[in-house]
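Each remark here refers to the structure printed beneath this line.
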Amino acid sequence: MSLPHSLFLVIFGASGDLTRRKLMPALIKIHNGKRFPEHFAIIGCARTAYTDETYRAYLKEELIKAQSLTKEELETLDDFLSTVHYQAMDPADESTYSLLNDRLKALSPQYENNGNYLFYLATPPLLYELIPRYLHDAGLLKKPGLKRIIVEKPFGYDLASARKLNKIYSTYFKEEDIYRIDHFLGKETVQNIMVTRFGSTIYEPIWNRNYIDYVEITAVENMGIGTRGGYYDGAGALRDMVQNHLMQLLAITAMEPPAKFDKDGFRNEVIKVYQSLHPLTDEYIRDNVVRGQYIASDDRPGYREEKNVNPESRTDTYVAMCLQVDNWRWQGVPFYIRTGKQMPTKVTEIVVHFKPAPMQMFKMREGLYKGEELIIRIQPDEGILQRIAMKEPGAGFYMGTMEMDFSYDQHAQETGDAYVRLLEDSLAGDPTLFTRSDAVEESWTYFDKILDYWKNHPDAPLYGYPAGTWGPKEADVLIERSHAEWTNPCKNLTHSNLYCNL
């Protein structure tokens, strides 16, 4: 993959929160690393009536105010902003696309651009169906040159809507030019899972049902829904987090090594994991899926008291479930996944629990030794930690645990920004870390059954849990069936036995 000679990045939703907080800071880093195409321009599109100059002034003020830029980035900010242009238009109004077409034509000679366009949809999902068709009908996709499009989640809200979107996008774009972005895959620590697994002669031989007892995947937040009530009340935790982010983490943890690490090899193995998931029946869902909703606690409001939320809402803000991967490597190993709002801390991590030795020769001072643990911390305090058995110092042969760890922060190594990596890949035309259409449909095929179960069983339990706690007690009962327990993590990865930073 290589950068084109010239490229226009067209951002729909250019005056929105995502563009301001995530995309522009990431693009500044790529600019400062001199990793843009030789002739490159950004064209922001939104309804707000900015000109090039007023839009640049707006971005400069917001970026300085956010205090997220380095000294070097602040020094080169004006140079970066000189590549930014703006076209006022309404992405929901087909008649305004001629304005965009004319603007791109006018800028093309300056940037030696012969129709190379990358479109980014940083818009509400309602526009995902409209923008590709409007681009086509305005003639923007008919010109020679590469045409790519980046789409934020959610890509559909069930199987039917995902299939509809896939059909629309495949009408106007080739599959390799559709970049369904999941920022989890852009995280250094997620990519490192594959290196730890497939690049290690220590872990890969024991990464299977013979040595692993169970796996936990946790992605929780210590805040509510904020101003997203209107969106979230129609989505919920299953759609917002489980169907995409947690499934990607599960796939990377459980996948077979690809024959070749490229856009086809990697994504083919992801699909195989989805296809190996144990089929969901009503009985299985009833016994293995726990949904919850946070209720008021201390000074924290309950979900139903949040702005733009139905006061009788049954939307899930917490989901925990047990999944089984029915293949040779993982048969009989439960994968416990959970996500939730208003938890005690914000953390995403994978915990692999290894089986204890078949005979416990040495005793612990208290309890039984449950086996080694490998903790892969995605965020924050990114790193990896292995808990292993070790003799306690002193007389006798009492067994304890010790920690061997690597933390990016402690070694002054930057994990980078997920959007930087994914934007760079899309500029270079590498879709490896983006979700393919068949993966979207396989995931929705699986989780549609849970959504249908909840819809057809209005009396299915929705457990309340006080804001600031680890969720419903029923989730503890779920995992205890495997004689296991949730690892309720601290913000700090290391030394959590000594102190817990929330």
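For the numbers below, each heavy atom of this structure counts, side chains included, while hydrogens, waters and symmetry mates do not. If you read the sequence from its start, that first residue is 1, and numbering goes on from there.
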Q) When rounded to the nearest 0.5 angstrom, what is the spacing between OH in Y157 and CG in D448? A) 10.5 Å
Q. Got a salt bridge between E382 and R377, using NZ or NE/NH1/NH2 to carboxylate O under 4.0 Å?
A. no
Q | Matching residue for T339 among V242, T218, T317, T348 - test: side chain to side chain contact (heavy atoms under 4.5 Å, CB included) | A | V242
Q) Any side-chain heavy atom of V273 sitting closer than 4.5 Å to one from M247? A) no
**Q.** N268 vs I271 side-chain heavy atoms within contact, under 4.5 Å
**A.** no
Q: Please assess N166 against R180 for the test side chain to side chain donor-acceptor pair (under 3.5 Å), listing each intermediate value before the final yes or no.
A: CA-CA 10 Å; N166 277 339; R180 301 169 189 86; 3.1 Å; yes
Q: Mind checking salt bridge (Lys or Arg N to Asp or Glu O under 4.0 Å) for K60 and listing every partner two or more places apart, or none if nothing turns up?
A: D78
Q) Quick one: do the S161 and D158 side chains pair a donor with an acceptor below 3.5 Å? A) yes
Q.
For a 4.5 angstrom cut-off between non-hydrogen side-chain atoms, does E216 reach F335?
A. no
Q | Q248-T435 side chain donor-acceptor pair, cut-off 3.5 Å | A | yes
Enumerate, atom names and distances included, each donor-acceptor pair closer than 3.5 Å involving a side-chain atom of residues 299-308, sequence neighbours excluded.
residue: R300; atom: NH1; partner: Q342; partner atom: OE1; Å: 2.9
residue: Y303; atom: OH; partner: D233; partner atom: OD1; Å: 2.6
residue: R304; atom: NE; partner: Q293; partner atom: OE1; Å: 2.9
residue: R304; atom: NE; partner: S313; partner atom: O; Å: 2.8
residue: R304; atom: NH2; partner: S313; partner atom: O; Å: 3.0
residue: E305; atom: OE1; partner: G302; partner atom: N; Å: 3.1
residue: E306; atom: OE2; partner: Y294; partner atom: OH; Å: 2.7

Q. Do any N or O atoms from the side chain of W330 and from the backbone of R209 form a donor-acceptor pair under 3.5 angstrom?
A. no
Q. Hey, is R20 close enough to E62 for a salt bridge, meaning N to O under 4.0 Å?
A. yes
Q: Not counting sequence neighbours, which residues clear side chain to side chain contact (heavy atoms under 4.5 Å, CB included) with P125? List them please.
A: Y128, P154
(Q) Run the side chain to side chain contact (heavy atoms under 4.5 Å, CB included) test against Q243 and tell me which residues pass, sequence neighbours left out. (A) S443, W444, F447
Q. Within a reach of under 6.0 Å around CZ of F198, are more than 12 heavy atoms found that belong to other residues, nucleotides or ligands?
A. yes
Q. Is the shortest heavy-atom distance from the side chain of I212 to the side chain of H353 under 4.5 Å?
A. no
(Q) Contact between L374 and I384 at the side-chain level, heavy atoms closer than 4.5 Å - yes or no? (A) yes
(Q) Are the side chains of D417 and Y419 in contact, using a 4.5 Å heavy-atom criterion? (A) yes
Q | Rounded distance [0.5 Å steps], CG in L427 versus CD1 in I150 | A | 7.0 Å
(Q) Can you see whether D381 engages S407 through a side-chain donor-acceptor pair at a distance of less than 3.5 angstrom? (A) yes
Q) Counting heavy atoms not belonging to Y211, are there more than 12 under 6.0 Å from its OH? A) no
**Q.** Residues which pass side chain to side chain contact (heavy atoms under 4.5 Å, CB included) with P466, listed by chain and number, not counting sequence neighbours
**A.** S297, T469
Q. Is L323 close to H278 at the side-chain level, that is, under 4.5 Å between some pair of heavy atoms?
A. no
Q: Inspect the contact between E269 and K272 and indicate whether a charged nitrogen and a carboxylate oxygen are less than 4.0 angstrom apart.
A: yes
Q. Given side chains that start at C-beta, do those of P356 and E372 come closer than 4.5 Å, heavy atoms only?
A. no
Q: Using a strict 4.0 Å threshold on nitrogen-to-oxygen distance, state whether R21 and D17 make a salt bridge.
A: yes
Q) Does the pair D425/R421 count as a salt bridge with the N-to-O cut at 4.0 Å? A) yes
Q) Aromatic rings Y453 and H457: how do their planes relate, parallel, tilted or perpendicular, breaks at 30° and 60°? A) parallel
Q | Closest contact, heavy atoms only, Y284 versus L280 | A | CD2-CD2, 3.4 Å
Q. Is D298 atom CG crowded by more than 12 heavy atoms from other residues, nucleotides or ligands, each under 6.0 Å away?
A. no
Q: For the pair Y336 and W486, name the ring-plane relationship: parallel under 30°, tilted 30 to 60°, perpendicular over 60°.
A: perpendicular
**Q.** With R163 via salt bridge (Lys or Arg N to Asp or Glu O under 4.0 Å) - residues at least two apart
**A.** E441
Q.
Can you tell me how far apart CH2 (W207) and CZ (R197) are? Round to the nearest 0.5 Å.
A. 6.5 Å
Q. Which pairs, with at least one residue in residues 312-330 and sequence neighbours excluded, count as a salt bridge (charged side-chain N to carboxylate O under 4.0 Å, His left out)?
A. E204-R329, E256-R329
Q: Might you point out which heavy atoms bring L246 and A219 nearest each other, and give the distance in Å?
A: CD1-CB, 3.6 Å
Q. With a 3.5 Å cut-off and no angle check, do the side chains of Q386 and Y203 form a donor-acceptor pair?
A. yes
Q | Set of salt bridge (Lys or Arg N to Asp or Glu O under 4.0 Å) partners for E221, sequence neighbours left out | A | K341
Q. Taking only residues two or more places apart in sequence, or in another chain, which ones meet Y169 in a ring pair (Phe, Tyr, Trp, His ring centres under 6.0 Å)?
A. F155
Q.
For N32 and T76, which I'm curious about, is there any donor-acceptor pair between the side chains at under 3.5 Å?
A. yes
(Q) Listing request: all salt bridge (charged side-chain N to carboxylate O under 4.0 Å, His left out) pairs with a residue in residues 456-485, at least two apart in sequence or in separate chains. (A) K370-E485
Q. Can you list every ring pair (Phe, Tyr, Trp, His ring centres under 6.0 Å) pair that touches residues 233-270, not counting sequence neighbours?
A. H183-H245, F184-H245, F261-F266
(Q) Just to verify, what does K153 make a salt bridge (Lys or Arg N to Asp or Glu O under 4.0 Å) with, not counting sequence neighbours? (A) D240
Q.
Before we go on, tell me: are the rings of W470 and Y465 under 6.0 Å apart, centre to centre?
A. no
